[in-house]
Amino acid sequence: MADQGSVRAASAAPERQVFSAERLRTFFPLFLLAVLCVIFASLSERFFTVGNMMIILQQSSVLLVAALGVTFVIIAGSIDLSVGSVVALAALAGALTVDPLGPWALLPALGAGVVAGSISGAVFSWGKVPSFIVTLGAMVVYRGLVLLFTKGAPVSVFEIGFLNLFGGRSFGVPHAAIISLTAAFICHIVLTRSVFGKEVKAIGGGERVAHLTGIRVKRVKFLIFALSGLLCGLAGLLQAARTMAATAQLGEGLELDVIAAVVVGGTPLTGGIGGIGGTLLGVLIITILSNGMNMVGVDPYIQYLTKGLVLVLAVFITIDRKKIGVIK
Amino acid sequence: MRLEARNISKAFGSTQALRNVPLTLEPGCVHALVGENGAGKSTLLKICAGVEHVDAGTILLDNDPFRPASSTAARERGVALVFQELTVSPTLTVAENIFIDRLSQFRGPLGLVSARRLNGAAGALLDRLEIDIDPGAMAHTLDFGQMKCVEICRALSVDPSIVLMDESTAYLNYTEVRAVLDAVGRLRSEGIAVAFVSHHLEEVFEIADTLTVLKDGNFVGTYARGDVTPSQLHALMVGRELKDDLYPARRPVPEGATPVLTVEKARSRVDAPAYDLELHAGEILGIAGLKGAGGERLMEALAGDRRLPAGHVTLDGREIQPKLPSDAWESGIAYLPGDRGGQGLITAFSVVDNIALPVRPHRGPFYDATLAEELARNAISSLNIKTESPFVPVDSLSGGNMQKVLLGKCLAAAPRILLVNSPTRGVDLGARQEIYRALDRLTADGLGIILLSEDLPELIGLAHRIAVFRNGVLETTIVNDPPVAEAELVARMI
């Protein structure tokens, strides 16, 4: 026992001297973000302008809001693949009710998200079906629901109050950016300062321990998916306002970008550790990568290639292999 | 074959794990290595087995220099190690586990493994140790003792002349330990040289012919079994005579006190007879029994983890029905599980986060980090937890200190009743004594403790009464005053 302890203590000692390895891991997302900015700024004059920064914030808002909820899910050691479909469902709920309700279409959109997330959460927690399977099914079911309602045709949004509130700008700052950053701040406080946040981390760190310690694991897991649904609802709202329509294809593939953003931000899929700050960085990295490559005029096929490589590279460097015994 | 190690030294970073340590293993002889955690026993075995490499010193195998580059190289020279951890893969068969690294030997003309030849070879090894397991059985159907025996067979499969066993009995119960010790006896009678590490001195005195004592990486001495008494051995291991007895003097239970907890008409299985049990404030109630006898089942039921098919539980006169662990904690029942890493502590989390986990102190919706730290600091000082700070991860602590963190976590909730399952598994003598003292102090404060343990001397040393379970039934409740004999307890269990 202590024989192992002394080995661990001994191997930790030289690591403190080689501080670059530990530092690199912690600060790599920030470093990567800075490197991308420098590269794109040197290749395109238009990249590092206030205007483009605002565009980046606008572009990242949907991804960020959706990724916030998934950060909770992943820290708890689960996964949510239904994000894109729930965003589409929520956008549709908003678009269908925007004419009578105006900005209050917020409520049906958020409501649709919460209900969709809660159903996944309930089946996962009490039905004991792995979250990967539940949300894989949910992804297809909710997409089907959207197709059923829209028959494939977009539902346009013309209500000016709604569009102004969620898609407009004040003093040049996109409202979507303000909303998503506020949501990120609240989620950060919830994760780091609330009892719920502690419980989420404990479940990801060791679900059996958390259960035996008196945490109501099933209820917390349900709440995490309800929260993820709520945030997808908000993301759907922002997306509908931005594209002025809810389409059947809206949010397709978003779940993969979301997971990539969370993981690039340093939250491992094994759960227990991670945070909102990392997710914010991950979202910016992914958004800036697309924005910058478009601006520089990189071939779209090469863009795919680059994004995939950056994802694997980031995890290759940031993953703390000591804390994760088996890499699956 | 004879293994002789001279002046072995090994350092891990700044920690000197071994300093000029000698070791001689003779054929047909069981040589026990004893010492506290961190004494260097495992490191010494790993060096002999080629898992670790020496910084200085020489090893001779029948007077030939022996410096294995890897464990495979060591096995080829006839030196095999049985690891401390269980390395049996539950989804493979017994035979596949035994030959896991050499399955290619059993390939047929098509390159496929022949189950018949594989099982035949495994069966021969099992017969050699007189172990009654079907080589084709899935490993998950075995108990831990049988799994350990499978690992011994794996070591035997390379036809070694020297077998090194690192804490092979650490997580085994009474009957499982017997199976392993019997296997060791058979290795000896075949003329194999065995090195054996164990924390349990009773086992050491039963099985070993010679003993080597290590302390903090230093060689203390090598003794023939008859030359030292257990208490002398304690003193050699710790470097001082244990100041007091290992077990504190039992306090009397307050006379005529009404029970704090009663269990009525409980059944372990639907078809098992019902039993009643009670626990008084200030009392330690021991629970003895083999695995599956019903004692653990009762404890899990009280902890809210699994429900009993029938039974009523009353705490302080109120009936409670813990459906979930959270119900149990809320009604004042704290549970210290037997599996420290898997059920007790989130080892990657800090000492504070673990200790505050059952309480999760908060002001309004916000987590109260100040109060959490206070809880941790209280536990660190009252249980004498040795840690750099409350904020280091638990897995940087030694086994004994981790166990104290786990106890501190249970006590942070200020419980009425403490359920303790095997509190000193893999814990060295010094820490064990401290844990026993802590339990004793808690009873003085009026806490009721239910102690389940496979370590019978521990039960006898601590409990006021011992409830013995057998086949799902409460066989008897023994008043442990004067202390019951271990043999009597075993007779009741089996």
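Labels below follow one simple rule: chain letters A, B, ... track the order of the sequence lines, proteins then strands, and each chain is numbered from 1.
Both the backbone and the side chain of B/P358 have a heavy atom closer than 4.5 Å to some heavy atom of chain A. Residue B/E300: no heavy atom, backbone or side chain, is found under 4.5 Å from chain A. Using a 4.5 Å cut-off between heavy atoms, B/F366 contacts chain A through both its backbone and its side chain. Residue contact with chain B, scored on non-hydrogen atoms closer than 4.5 Å, involves the backbone and the side chain of A/K201 alike.
Most heavy-atom pairs under 4.5 Å with chain A: of the set B/D339, B/L324, B/L345, this distinction falls to B/L345. Annotation: maximal heavy-atom pairing with chain B below 4.5 Å, among A/I215, A/V217, A/I189, occurs at A/I215. Interface check for chain A: of the options B/P365, B/G217, B/G364, the most heavy-atom pairs under 4.5 Å are formed by B/P365.
For A/K198 and B/D353, the salt-bridge test passes: some basic side-chain N is under 4.0 Å from an acidic carboxylate O.
The environment of A/F185 atom CZ is sparse: at most 12 non-hydrogen atoms of other residues, nucleotides or ligands sit within 6.0 angstrom. Within a 6.0 Å sphere centred on NE2 of A/H188, heavy atoms belonging to other residues, nucleotides or ligands number 12 at most. For A/W104, the CH2 atom sits in a loose shell: 12 or fewer heavy atoms of surrounding residues, nucleotides or ligands are nearer than 6.0 Å.
In this structure, A/L212 and B/D305 have side chains that are in contact, with non-hydrogen atoms separated by less than 4.5 Å. Contact of the B/R340 side chain with the A/V209 side chain is not registered, since no non-hydrogen atoms from C-beta on lie closer than 4.5 Å.
Note: A/R219 CZ to B/S326 OG = 7.5 Å, rounded to the nearest 0.5 Å. Of the inter-residue distances, the one linking A/E199 atom CD with B/L357 atom CG reads 8.5 Å to the nearest 0.5 angstrom.
The cationic atom of A/R193 (NZ for Lys, CZ for Arg) does not lie both less than 6.0 Å from the six-membered ring centre of B/Y367 and within 45° of the ring axis.
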